[in-house]
Amino acid sequence: MPLKIYNTLTRRKDEFKPLVEGRVGIYVCGPTVYGHSHIGHAKSYVSFDVIVRYLRYLGYKTLYVQNITDVGHLTDDADEGEDKIEKQSRKDRIHPMQVVEMYTRSYFDDMDALDVVRPDISPRATGHIIEQIAIVQKLIEQGFAYEKNGSVYFDVTKFKEYGKLSHRPIDEMEAGARVGVNPEKKHPADFALWKKAEASHIMQWQSPWEMGFPGWHLECSAMSMKYLGETFDIHGGGMENQFPHHECEIAQSECATGKQFVKYWIHNNMVTVGGQKMGKSLGNVINLKDAFKKYSPLVVRFFILQSHYRSTLDFTDEALEGASKGLEKLLNTVRNLREEVGKLRKLEVKGSEMKDSSFKSQDSIFVDLVGFKKAFLDAMDDDFNTPQAIGILFDLSREVNTILAGGKAEIKILQEADALFNVLGGVVLGVIPAHVEAQSLEGASENDLIQFIIELRAEARAQKLWTMSDKIRDGLAKLGIIIEDKKDGTTWRLVSS
RNA sequence: GGCGCCGUACCCAAGUGGUAAGGGAGAGGUCUGCAAAACCUUAAUGCAGCGGUUCGAAUCCGCUCGGCGCCUCCA
């Protein structure tokens with residue numbers, strides 16, 4: 001089955017065909033760095049992370065560009081209001097670039113915690129002022145933009161296809177329904193390409209017009225086309241940016257180049273909190289740093305991928321708890337699987353020394369690993385259906401647990417199952433870490449200490465001193481160390497958070 | 001007002017024409033000294049409601065009810 005992607009431009013699932021065989025160029029709208037990242041950022045960037053991971057898994061040489069917005073994003077989309085970063089800098093009494101640096105680092109810290117693979121290029125708007133000015137000049141020359149009082153605006157009436165992404169005909173939009181109309185604009189839907197800056201504005205640059213700064217929409221056009229070409233494969237972002245942000249990007253880019261800007265538009269849905277939208281004005285924004293105090297980043301990632309990227313995701317404790325337990329179940333399987341593989345490998349070494357392979361089970365169980373893999377890939381090919389793909393991992397988990405419990409496992413099948421978990425659950429989805437079986441604490445001595453305690457407990461159990469052995473188990477549990485007695489010995493693991 | 005989404009068991013969540021995945025919680029059982037983990041069984045004759053199309057609909061069409069989003073801030 002070929003990969004199909006829901007394309008906002010066509011409102012259909014389109015078969016994915018890259019512009020250049022074997023290569024993909026993808027641009028995703030990055031954060032405006034004036035505050036810490038929240039769970040909405042997590043949903044967006046985890047979703048696109050899996051999309052990029054999957055494209056690479058399919059063998060596409062993928063160039064992933066994601067901007068850092070450090071200028072031009074105003075507190076108001078009617079091209080009025082303050083620059084968000086300047087506003088924050090005044091509040092904190094630090095330089096705007098300090099704000100940018102601080103929250104850019106914070107952003108990457110959070111994304112690293114979520115195991116989001118970093119973009120190949122993270123360009124900043126302030127580093128591409130020249131490229132942005134060049135586009136504005138081109139648009140003016142070709143009659144798509146006009147200057148007024150030192151600012152430059154895009155003339156939406158000159159671009160007949162304006163509205164083709166969001167399907168909003170400009171004529172039917174009530175002019176100034178929510179915001180006042182900027183008198184400098186010819187048409188209320190015109191948007192700023194360049195804004196003249198007041199003297200007090202710290203971040204401003206020279207231009208053919210007045211000293212000023214670029215409009216928010218412009219940076220994405222400039223940087224995406226610079227690194228990916230005038231036409232590229234995939235542009236992603238949050239649904240709320242379909243209009244006006246992405247609509248404006250299309251207008252200015254296609255008018256500047258005369259070519260199609262983007263082939264596939266992917267939009268991910270929003271996060272709600274307790275059924276309500278999450279927004280600054282509602283005061284219910286959950287920062288990732290706070291969320292991580294309660295749920296591990298891996299749980300958050302797993303939770304996000306358990307629903308589809310185009311569905312809204314309701315962030316509730318009950319749902320997070322459920323996801324946490326589910327993930328634990330999956331990781332238990334992988335841990336047990338890897339322990340068993342390790343055990344069998346040792347036996348195999350011994351066995352080969354004795355030239356005797358009788359330790360192998362004669363009637364090992366067949367597991368249709370190829371079938372599981374195909375089902376997983378089919379799910380991913382269908383517009384990155386990660387919830388369904390995760391369901392397949394659980395199906396595989398049950399099969400593996402069954403053969404592990406039956407003790408009829410053949411090492412080859414177990415190794416292949418492990419490899420499958422690694423590739424599909426690890427490399428592609430990023431929800432199965434490479435090392436779940438290593439319960440390392442700070443150092444080796446602690447691990448030895450726990451092993452020693454387990455041995456003491458084994459002696460107590462041998463003497464049927466149940467009160468004592470239970471006391472040891474309970475005591476370790478309180479320290480976050482879970483003891484499990486199995487047929488062929490006792491294992492331990494750290495309680496998952 | 002314009003554009004759009006959603007309503008699937010107690011909770012989360014796939015499924016877009018062929019007879020309801022998966023996870024959590026619950027109930028019963030197996031294993032175990034007991035736990036834990038794991039496995040087995042059990043869970044909607046039903047997919048908001050009402051009509052319609054069809055041999056057949058959660059899936060398509062219409063209407064009704066309920067919830068939500070974008071067009072301000074926000075991924």
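In the text below, chain A, chain B and the rest are named by the order of the sequence lines, each starting its count at 1.
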Most 5' of A/F394 and A/R461 on RNA chain B, judged by nearest nucleotide: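 On the 5' side of the pair lies A/F394.
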Pairwise 5' ranking along RNA chain B for A/Y6 and A/P31, keeping only the more 5' one: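 Comparing both residues, the 5'-ward one is A/Y6.
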Go through [range] and report each residue with a non-hydrogen atom lying under 4.0 Å from RNA chain B, sorted by number.
| range | value |
| --- | --- |
| residues 42-51 of chain A | A/S44, A/Y45 |
| residues 109-121 of chain A | none |
| residues 463-470 of chain A | A/W466, A/S469, A/D470 |

Looking only at atom [atom1], what distance separates [N] and [M], rounded to whole Å?
| N | M | atom1 | result |
| --- | --- | --- | --- |
| B/A57 | B/C68 | P | 32 Å |
| B/G26 | B/A35 | P | 16 Å |
| B/C3 | B/U8 | C1' | 27 Å |
| B/C47 | B/A14 | C1' | 13 Å |
| B/U16 | B/A21 | C1' | 15 Å |
| B/A36 | B/C31 | P | 15 Å |
| B/C40 | B/G4 | P | 46 Å |

Set of residues satisfying side-chain hydrogen bond (donor to acceptor under 3.5 Å, both in side chains) with respect to A/D470, sequence neighbours excluded: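 Listed in chain order: A/R473.
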side-chain hydrogen bond (donor to acceptor under 3.5 Å, both in side chains) involving A/E161 - partner list, sequence neighbours excluded: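 Counting only residues at least two positions away or on another chain, A/E161 forms a side-chain hydrogen bond (donor to acceptor under 3.5 Å, both in side chains) with A/K164.
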Residues [X] and [Y] bridged, charged N to O under 4.0 Å:
| X | Y | result |
| --- | --- | --- |
| A/K289 | A/D109 | no |
| A/K471 | A/D474 | no |
| A/R105 | A/E101 | yes |

Could you tell me how far apart [X] ([atom1]) and [N] ([atom2]) are, to the nearest whole angstrom?
| X | N | atom1 | atom2 | answer |
| --- | --- | --- | --- | --- |
| A/L396 | B/A21 | CG | P | 19 Å |
| A/N241 | B/G4 | CG | P | 19 Å |
| A/I68 | B/A75 | CD1 | P | 11 Å |
| A/L393 | B/A21 | CG | P | 18 Å |
| A/D383 | B/C5 | CG | C1' | 15 Å |
| A/Q242 | B/A75 | CD | P | 15 Å |
| A/F191 | B/C71 | CZ | C1' | 16 Å |
| A/E318 | B/G23 | CD | C1' | 13 Å |

Taking pairing as Watson-Crick or G-U wobble with both contacts under 3.5 Å, can you name the mate of [N], or confirm there isn't one?
| N | value |
| --- | --- |
| B/C73 | none |
| B/A57 | none |
| B/G7 | B/C65 |
| B/A21 | none |
| B/A27 | B/U41 |
| B/G33 | none |

Any donor-acceptor N/O pair, A/N385 side chain to A/Q388 backbone, under 3.5 Å: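 Looks like yes, one N/O pair under 3.5 Å.
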Below 3.5 Å between N/O atoms, which protein atoms pair up with nucleotides 36-44 of chain B? Just atom names and distances, please.
residue, atom, partner, partner atom, Å
B/A36, O2', A/E484, OE2, 3.4
B/A36, N1, A/D485, O, 3.4
B/A38, O3', A/N401, ND2, 3.1
B/C39, OP1, A/N401, ND2, 3.2

Residue that, paired with A/R310, satisfies side-chain hydrogen bond (donor to acceptor under 3.5 Å, both in side chains) out of A/T8, A/D383, A/N269: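 For A/R310, the side-chain hydrogen bond (donor to acceptor under 3.5 Å, both in side chains) check succeeds only for A/D383.
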Is [X] touching bases, backbone alone, or none of the nucleic acid, heavy atoms closer than 4.0 Å?
| X | value |
| --- | --- |
| A/M239 | nothing |
| A/G326 | sugar-phosphate |
| A/V285 | nothing |
| A/R457 | base |
| A/D395 | sugar-phosphate |

Non-hydrogen side-chain atoms of [X] and [Y] separated by less than 4.5 Å:
| X | Y | answer |
| --- | --- | --- |
| A/F16 | A/N7 | no |
| A/E219 | A/D70 | no |
| A/Y309 | A/V46 | no |
| A/T333 | A/F394 | no |
| A/L414 | A/I403 | yes |
| A/I390 | A/F302 | yes |

Pairwise distance CD1(A/I453) to CD1(A/I481) - rounded to 0.5 angstrom: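 With rounding to 0.5 Å, CD1 (A/I453) is 7.0 Å from CD1 (A/I481).
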Option among A/L424, A/L3, A/L429 that satisfies the side chain to side chain contact (heavy atoms under 4.5 Å, CB included) test with A/M380: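 Running side chain to side chain contact (heavy atoms under 4.5 Å, CB included) over A/L424, A/L3, A/L429 with A/M380 returns exactly one hit, A/L429.
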Contact list for residues 449-459 of chain A, test side chain to side chain donor-acceptor pair (under 3.5 Å), sequence neighbours left out: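 Applying side chain to side chain donor-acceptor pair (under 3.5 Å) to every pair that reaches into residues 449-459 of chain A, excluding sequence neighbours, yields A/R457-A/D485.
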Any residue meeting side chain to side chain contact (heavy atoms under 4.5 Å, CB included) with A/T467, in chain and number order, not counting sequence neighbours: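 Expected list: none.
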Sequence-distant partners of A/S253, side chain to side chain contact (heavy atoms under 4.5 Å, CB included), two or more places apart: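 For A/S253 the side chain to side chain contact (heavy atoms under 4.5 Å, CB included) partners, ignoring immediate neighbours, are A/S221, A/M225, A/F261.
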Taking only nitrogen or oxygen atoms into account, show me every contact under 3.5 Å that the protein makes with nucleotides 12-14 of chain B, one pair per line with its distance.
residue, atom, partner, partner atom, Å
B/A14, OP1, A/H308, N, 2.9
B/A14, OP1, A/S311, OG, 3.2
B/A14, O3', A/N385, ND2, 3.0
B/A14, O2', A/Q388, NE2, 2.9

Smallest separation among heavy atoms of A/V100 and A/R124, with atom names: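 In terms of heavy atoms, the two residues are closest at CG1-NH1, 3.6 Å.
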Identify the pairs formed between an N or O of the protein and an N or O of nucleotides 25-28 of chain B at a distance under 3.5 Å, and give each distance.
none

Report all side-chain donor-acceptor pairs from residues 368-375 of chain A shorter than 3.5 Å, counting only partners two or more places apart or in another chain.
residue, atom, partner, partner atom, Å
A/D368, OD1, A/G371, N, 3.0
A/K374, NZ, A/D378, OD2, 2.8

